[in-house]
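In what follows, a structure is listed as structure tokens, so that the remarks can point back to it.
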Number of protein chains: 2
Amino acid sequence: MKAIKRDAEATKARILLAAKKEFARRGLGGARVDEIAERAKANKRMIYHYYQSKEELFRTVLEEAYLDIRSAERKLNLDELSPTDALETLVKFTWNYYLKNPEFITLVNSENLHRARHLKSLPKLHETMRGLVDQVDNILKRGQKSGEFRSGIDATQLNITIAAIGYYYLTNRFTGSFLYERDLMDKKSLEERLAFNIDTILKLVSA
Amino acid sequence: MKAIKRDAEATKARILLAAKKEFARRGLGGARVDEIAERAKANKRMIYHYYQSKEELFRTVLEEAYLDIRSAERKLNLDELSPTDALETLVKFTWNYYLKNPEFITLVNSENLHRARHLKSLPKLHETMRGLVDQVDNILKRGQKSGEFRSGIDATQLNITIAAIGYYYLTNRFTGSFLYERDLMDKKSLEERLAFNIDTILKLVSA
DNA sequence: CATTTAATGCACTAACTAGTTACTTCTTTA
DNA sequence: TAAAGAAGTAACTAGTTAGTGCATTAAATG
């Protein structure tokens with residue numbers, strides 16, 4: 001039975017969600033602890049009670065973000081699809097995940113600005129990541145066997161490329177929309193980009 | 001004849017260079033004006049004398065950065081090369097520019113975190129950018145005519161993709177090296193990535 | 001050489017920010 | 001039901017940071 005006025009778990013979760021939004025909006029350096037407290041409808045003291053420091057809170061947010069995207073990825077069950085379908089599904093998924101979770105991109109950018117300092121204390125993520133590369137490697141091998149794909153494609157490079165063509169477009173949507181003088185985020189542009197990305201990847205692997 | 005102890009131009013330039021480095025290292029929010037002054041071996045008062053505010057200084061740094069990459073791009077004289085060579089040259093150039101000027105990437109990231117707020121007061125950049133897209137469009141048209149390239153390729157999408165496959169790899173080099181458990185920045189990895197990128201683009205356009 | 005103009009330096013402030021202290025209020029359980 | 005422990009609050013601190021006022025010094029000009 002949950003308490004109404006006092007619920008540690010709920011408060012902790014509210015803080016985490018608020019932190020995710022604030023870190024995504026302003027980056028680690030730009031985020032304000034007071035702002036996170038206000039968004040979470042919690043007292044600032046509670047943040048330090050549950051998460052010790054701003055950096056530790058960031059670390060937790062980052063870990064959650066990576067675990068979430070990888071967990072969603074696993075649910076795709078790519079092994080059950082044909083190699084070509086599997087790859088197309090992965091490209092679509094990656095694109096849509098970035099689109100629906102824009103905070104993921106900002107968090108990763110922020111972490112890279114800090115030279116992956118926080119990630120380094122999260123060794124659990126290695127394994128999760130290895131799984132993804134193995135999965136893509138598997139698709140590639142199946143595709144080669146069936147004659148759909150050419151041989152000699154590096155799974156890590158392909159993975160990076162699939163992420164890159166979506167990530168870059170979305171992370172640079174503001175400067176991009178300005179410089180190319182078109183709204184990169186309207187419905188038509190987004191559909192066009194996704195189609196282009198699928199094309200890029202399929203042409204890259206095809207025999 | 002240049003003054004020795006007082007040289008407005010030199011001081012101004014030193015401040016700009018120092019600001020570029022500091023903004024690239026920490027982002028707009030994380031950069032410290034005192035640090036810029038120290039790096040520039042100038043008094044903080046001089047920064048405000050020449051650039052009015054931290055944001056105005058950032059704006060200037062950003063404008064310089066965009067003008068510099070576009071100016072370097074123009075020097076490639078892509079129109080004098082065969083379509084395939086021109087495209088390969090552009091992919092190589094983009095990659096090497098990012099590699100040698102890592103601050104460009106960080107500045108762009110920072111500007112996107114701020115929703116391209118500063119860029120919006122720099123209308124001059126539009127024209128410079130239009131030139132680039134036209135140039136790539138020209139290469140595409142020549143390639144289609146010669147039968148090397150397929151038709152129906154959007155120049156803006158291609159441009160974005162050429163930037164994306166290099167940019168993503170390099171901006172995420174810290175998280176990437178950690179997650180993929182390999183040093184993405186050692187000589188061999190960099191060469192491998194460039195080769196993969198050239199391959200990706202050429203397969204994308206080929207007839 | 002004298003006067004003006006621009007460059008430079010020091011010391012300051014007003015606002016902000018991560019983190020803490022000291023306290024109150026609620027919930028659980030022996 | 002009393003006591004202990006956990007959840008929550010408000011006000012504060014110590015340090016930092018962008019931006020300035022004002023005096024000084026060097027170069028330009030007539």
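Labels below follow one simple rule: chain letters A, B, ... track the order of the sequence lines, proteins then strands, and each chain is numbered from 1.
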Side-chain donor/acceptor of Lys44(B) to base of dG19(D), under 3.5 Å: yes
side-chain hydrogen bond (donor to acceptor under 3.5 Å, both in side chains) partner of Asn112(A), the single match among Thr171(B), Asn172(B), Thr106(B): Asn172(B)
Sugar-phosphate, base or nothing in reach of Ala37(B), heavy atoms under 4.0 Å: nothing
Phe104(A) and Tyr98(A) aromatic ring geometry - parallel, tilted or perpendicular at 30°/60° bounds: parallel
Strand-adjacent residues in residues 47-60 of chain B, judged by heavy atoms under 4.0 Å from DNA chain D: Tyr48(B), Ser53(B), Lys54(B)
Side chain of Arg45(A) - closest among dA7(D), dT8(C), dA10(D): dA10(D)
Ion pair check, Arg193(B) and Asp199(B), cut-off under 4.0 Å: no
Heavy-atom neighbours of Gln52(B) CD exceed 12 at 6.0 Å: yes
Side-chain ion pair, Lys124(B) and Glu63(B), N-O less than 4.0 Å: yes
Ring geometry between His114(A) and His118(A) (parallel below 30°, tilted from 30 to 60°, perpendicular above 60°): perpendicular
N or O in side chain of Thr11(A) less than 4.0 angstrom from dA7(D) OP1/OP2: no
Candidates dG8(D), dT17(D), dA18(C) - which lies nearest the side chain of Met46(A): dG8(D)
